[in-house]
Amino acid sequence: MNSDVEPIQLFVPTFQIEETLKEIRECLEKGWTGLGFKTVQFEKAWCDYTGLSNAHFLNSATAGLHLAIRVLKLEDGWQDGDEIITTPLTFVSTNHAIFYENLQPVFADVDEYLCLSPESVLERISPRTRAVMFVGIGGNYGRLPEIAAICEERGLRLILDAAHMTGTRWNGRHVGHEADVTVFSFQAVKNLPTADSGMICFRQEHLDQLVRKMTWLGINKDTYSRTHSKGAYKWMYEVDHVGFKYHGNSIMAAMGLVALKQVDLDNAYRRQISQWYEKEFSTEDKIKTIPVPVGCESSRHLYQVMVSDRDEVILALNALQIYPGVHYRDNTCYQMYSYAQGTCLNASLASDMLLSLPIHMKLSYGDVQRVSKALIEIVNRNRVDA
Ligand SMILES: Cc1ncc(COP(=O)(O)O)c(C=O)c1O
């Protein structure tokens, strides 16, 4: 173990501390830390930033993915056991959300972008398919327009798990316009870090209205606002649905409002780091880089490569105080999704080879050089010594 060098971590969140504290202070002084006030400001700022028409602030993207499916199930009358085509190469939140609503995840394979392959999606469509769940892994846009076209033709809903995609643009336009519903994550290590929160953006206005009820226990706030405005009977609301306690709060929104001003600048630096890595690896045939399609300005939440003997490579990097990550294990490796094991060969291969290299605002050019050179040296050893 080499202990005289600084460790290099995969992710290190960076906050605008003074400005964030000022924004949070406003909540404390006003005595308003919950739903409303800053959450309303942040929703508006998010719509302005993305150009999306609707945005509702949540306590996490996991909650958002659940709600996306719950609301579409209600709206379209989906039955238990109906199918959603999804990717095995994601964080389990994506696929758990399908199970939360007693629907069936049907796994399609990924392509060279590590996103859902349109060809594989087409093969998995059945009479019970109701939606496709697309994950823009690491900020990559993959072949989303083709997936959107398939959904349009086949009358399927498109749900976009954009947990990694804050700031990803396609031909200059922010992502989210392609899907019936898009869910973003502002969890602590994401590109727009709070502590934990997320945003759900429905294309249809009435579904945005519905999701607002669902995030507050199903309480009909119209009734609340009516009685509230008369200054009496605040308790006289209606409860239309068995909803959840999933809404975001003003402290998280205060963090988000400050981080939003910074995110494009941060993402530009993430793309710079990615270019530095790409340059180093351009002549290395043992390090496979992941392409980004022309037209996509990726948020570069992740910088991923594929290498053989990945687990040994990680141990060798760790010995040099470099701590990469893995995004993700093929979800069909997990017990609850094992029914689909062996159905997605690209995902399964990627799952064994993927390596996420350090990428964050505190990483210097010298750090990127240190990581790149270490990785190049390790993969080119005749035998990997852990
Ligand atoms: C692809 C993906 N989807 C969903 C989530 C869930 O986000 P959250 O932590 O905000 O619930 C994550 C979080 O890591 C993720 O990576």
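First listed ligand is number 1; within each ligand, the first listed atom is number 1. What you are looking at is a predicted structure, and each value in this text was computed from that prediction instead of being measured.
Ligand 1 has no N or O atom lying under 3.5 Å from any N or O atom of A163, backbone or side chain. In terms of N/O distances under 3.5 Å, ligand 1 is not approached by D196. For ligand 1, one of its N or O atoms has an N or O atom of K190 under 3.5 Å away. The shortest N or O to N or O distance between Q187 and ligand 1 is not below 3.5 Å.
Counting heavy atoms closer than 4.0 Å to ligand 1, residue L65 contributes side-chain atoms (C-beta onward) but none from N, CA, C or O. With a heavy-atom cut-off of 4.0 Å, H164 touches ligand 1 through its side chain alone. Of all the heavy atoms of Y328, the ones lying under 4.0 Å from any atom of ligand 1 belong exclusively to the side chain.
Under a 4.0 angstrom heavy-atom cut-off, V183 registers as lying outside contact with ligand 1. For F186, the closest heavy-atom approach to ligand 1 does not fall below 4.0 Å.
Atoms of ligand 1 lying under 4.0 Å from any heavy atom of S60, numbered from 1 in the order shown and given with element: 10 (O), 11 (O). Close approach to T94 involves these atoms of ligand 1, each under 4.0 Å from a residue heavy atom: 3 (N). For ligand 1, the atoms closer than 4.0 angstrom to any heavy atom of T90 are 1 (C).
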Verdict with reasoning, E26 to K38, per salt bridge (Lys or Arg N to Asp or Glu O under 4.0 Å): CA-CA 9 Å; E26 252 192 79; K38 292 281 176 199; 3.2 Å; yes
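If you check each of T194, D161, L302 against atom 4 (C) of ligand 1, the one with the closest non-hydrogen atom is D161.
Minimum heavy-atom separation, R370 to V5: NH2-CG2, 3.5 Å.
Closest to atom 10 (O) of ligand 1 among all protein heavy atoms lies S185 OG, 2.8 Å. For atom 12 (C) of ligand 1, the nearest protein heavy atom (residue, atom name, distance) is F91 CD2, 3.6 Å. Atom 7 (O) of ligand 1 has its closest protein heavy atom at A61 CB, 3.3 Å. With respect to atom 11 (O) of ligand 1, the closest heavy atom belonging to the protein is T62 OG1, 2.5 Å.
A donor atom on one side chain and an acceptor atom on the other are found under 3.5 Å apart for Y323 and Q321. Side-chain contact check for H56 and T215: at least one donor-acceptor pair (N or O, by modelled atom type) lies under 3.5 Å. A donor-acceptor contact closer than 3.5 angstrom is absent between the side chains of Y269 and H360. Under 3.5 Å, the side chains of S117 and D109 contain no donor-acceptor pair of N or O atoms. When only modelled atom types and interatomic distance are considered, N380 and E284 share a side-chain donor-acceptor pair under 3.5 Å.
One finds a salt bridge joining R70 and E101 here, because a Lys/Arg side-chain nitrogen approaches an Asp/Glu carboxylate oxygen to under 4.0 Å. The pair E377-R381 meets the salt-bridge criterion, since a charged nitrogen lies less than 4.0 angstrom from a carboxylate oxygen. Between R143 and E119, at least one side-chain nitrogen of the basic residue sits less than 4.0 Å from a carboxylate oxygen of the acidic one, meeting the salt-bridge criterion.
Counting heavy atoms from C-beta on, the side chains of I8 and L317 never come closer than 4.5 Å.
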